[in-house]
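Presented below is the structure to which this report refers.
Naming convention: chains lettered A, B, ... in sequence-line order (proteins, then strands); numbering from 1 in each chain.
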Number of protein chains: 2
Amino acid sequence: MVAKGPASADSARTRILDSAERIFVQKGFVGSSLRAITSAAGVNLAAAHYYFGSKQGLFKAVFCRCLAPINEQRLLALDTLLRENPKPDLRDILAAFLRPVMLHSNQDTLDLMAQMTAEPEELTNPILAEQFGELVTRYTAGLQLVFPKMREQELNVKLTFVIGAMLQTIFNRSFFINVDEVSKEEKCQQLLNFSVAGFLNNDQPGIPKEVELHD
Amino acid sequence: MVAKGPASADSARTRILDSAERIFVQKGFVGSSLRAITSAAGVNLAAAHYYFGSKQGLFKAVFCRCLAPINEQRLLALDTLLRENPKPDLRDILAAFLRPVMLHSNQDTLDLMAQMTAEPEELTNPILAEQFGELVTRYTAGLQLVFPKMREQELNVKLTFVIGAMLQTIFNRSFFINVDEVSKEEKCQQLLNFSVAGFLNNDQPGIPKEVELHD
DNA sequence: GTCTATATTGGGATAGAC
DNA sequence: GTCTATCCCAATATAGAC
């Protein structure tokens with residue numbers, strides 16, 4: 001986008017991204033063929049290689065186009081939060097993390113995120129490291145401000161619960177439990193309530209209480 | 001197993017199932033080839049078709065061999081619970097649901113379950129309906145005994161959170177959050193604590209309180 | 001920058017010998 | 001019940017014309 005290219009070229013590239021997004025979401029990486037993607041985009045097979053080099057390159061471009069804006073929002077929200085309050089509230093942190101995902105309007109993006117856990121690791125590991133590494137590090141640090149005495153392992157496990165609940169909720173395909181009639185806003189509220197309560201809970205038999213809220 | 005067949009035939013069938021389980025877990029359905037599976041099993045390609053009819057048939061056989069025993073345990077535990085106490089405890093119900101999964105020793109089985117959400121729907125829908133339909137119906141009914149006034153939608157959403165947290169925790173591949181050093185037992189305890197607290201929580205802004213615990 | 005044509009590889013399934 | 005050989009199809013990737 002630095003130099004002004006021909007309009008047709010840019011729209012061909014975008015059309016490939018658009019149809020790739022749709023088909024990757026429906027069929028997964030291995031189940032999607034460049035032929036299906038390019039013919040749905042109305043361009044030639046060779047165009048995909050010209051613009052993205054390989055099927056992997058195309059997948060990465062699709063994923064980053066979807067996820068980068070969301071994760072920027074999440075980091076910006078966390079920054080704002082910590083700047084205003086060096087001892088942040090648990091609910092605010094979780095909201096900063098969950099809202100950009102839960103309230104997002106593009107279902108493809110949500111499905112794509114949820115589906116990443118089942119794609120081939122060779123494909124996903126470099127992409128996830130790039131797109132989620134800093135996010136996880138900084139949110140973990142933020143949560144440690146709220147729970148300064150909680151063991152890191154316990155914090156990681158709880159964060160895993162929250163992420164799992166989030167992914168299962170946004171994903172279009174459930175284990176035969178229909179939540180389609182619940183609005184995005186209500187799901188987000190419920191997930192926040194559920195997660196805050198789960199995080200604060202501490203009566204584990206045989207495990208000493210270590211939570212200490214500020215103030 | 002009704003009639004006594006030749007030992008070699010039965011062990012060939014089992015060897016195919018074993019290597020299929022391993023490879024399906026690693027590569028997913030689309031990413032696994034019958035050729036890779038049969039050659040890893042030390043049998044001929046045609047043997048897979050002879051015993052299982054098709055790649056789909058083999059996948060279903062693998063999945064059911066793994067999951068059927070777990071879901072039988074879950075239903076049996078629920079039955080026992082409800083027979084002993086017609087007004088069951090929330091924690092007991094969730095434990096009956098989660099324990100057979102969380103404490104299971106075969107990692108392939110756990111990964112297979114977690115990966116199902118991302119496999120092609122044409123493949124998974126019939127299998128999931130058969131293996132999880134009754135389970136979800138009966139556990140939902142059990143939870144309604146605990147929360148007789150909770151809207152069914154809200155109950156479904158919360159159950160989705162629990163299942164998502166479970167799947168994310170048992171899955172071998174996380175979003176760069178390492179929980180490998182935590183024992184299965186501790187993860188199970190933490191998930192139970194988290195889920196019970198999340199279920200009981202009810203202070204949703206703008207949504208009326210409807211939870212009513214028995215007694 | 002966009003196309004056609006093709007090289008190369010690998011997939012599921014089946015026929016038919018033994 | 002187990003094998004070999006093969007049919008048929010689809011995939012990624014690239015070479016090279018325009």
Quiz item: Is the distance between the ring centroids of Phe147(A) and Phe199(A) less than 6.0 Å?
Solution: yes
Exercise. Determine whether the aromatic ring centres of Phe176(B) and Phe132(A) lie less than 6.0 Å apart.
Key: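 Aromatic pair excluded; centres sit 6.0 Å or further apart.
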I want to verify a distance call: between [options], whose nearest atom is closest to the [X] side chain?
X        : options                  : answer
Tyr51(B) : dG1(D), dG12(C), dG1(C)  : dG1(D)
Ala46(B) : dT4(D), dT2(C), dG1(D)   : dT4(D)
Tyr50(B) : dA13(D), dT2(D), dA13(C) : dT2(D)

TODO: Inspect the surroundings of CD in Gln144(A) and state if more than 12 heavy atoms from other residues, nucleotides or ligands are less than 6.0 Å away.
DONE: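 Yes, CD of Gln144(A) has more than 12 neighbouring heavy atoms, counting only those of other groups under 6.0 Å.
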Check: Is the base of dG10(C) touched by the side chain of Arg35(B) through a donor-acceptor pair closer than 3.5 angstrom?
Finding: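 Looking at the base of dG10(C), it does not pair with any donor or acceptor on the side chain of Arg35(B) (distance under 3.5 Å).
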His49(B) side chain near dT14(C) phosphate (N/O to OP1/OP2, under 4.0 Å) | no
Considering just the side-chain nitrogens and oxygens of Ser33(A), establish if one lies under 4.0 Å of OP1 or OP2 belonging to dA11(D).
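So the side chain of Ser33(A) is within the cut-off, an N or O lying under 4.0 Å from OP1 or OP2 of dA11(D).
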* Name the orientation class of the two ring planes belonging to Phe97(B) and Tyr139(B) (parallel below 30°, tilted from 30 to 60°, perpendicular beyond 60°). => perpendicular
Whole-Å distance between [N] [atom2] and [X] [atom1]?
X        : N       : atom1 : atom2 : answer
Asn44(A) : dT4(C)  : CG    : P     : 5 Å
Leu45(B) : dT6(D)  : CG    : C1'   : 12 Å
Phe59(B) : dG12(C) : CZ    : P     : 14 Å
Arg13(A) : dG1(C)  : CZ    : P     : 11 Å
Lys27(B) : dG11(C) : NZ    : C1'   : 15 Å
Ile23(B) : dG12(C) : CD1   : P     : 11 Å
Phe29(B) : dG11(C) : CZ    : C1'   : 12 Å
Ile16(A) : dG1(C)  : CD1   : C1'   : 11 Å

Classify Ala47(A) by what it touches in the nucleic acid, base, sugar-phosphate, or nothing, heavy-atom distance under 4.0 Å.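 The residue Ala47(A) makes no contact with any strand.
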Exercise. Base, sugar-phosphate alone, or nothing: which one does Ser32(B) contact when heavy atoms must sit under 4.0 Å apart?
Worked result: sugar-phosphate
| Salt bridge check: are Lys27(A) and Glu21(A) linked by an N-O gap of less than 4.0 Å? | no
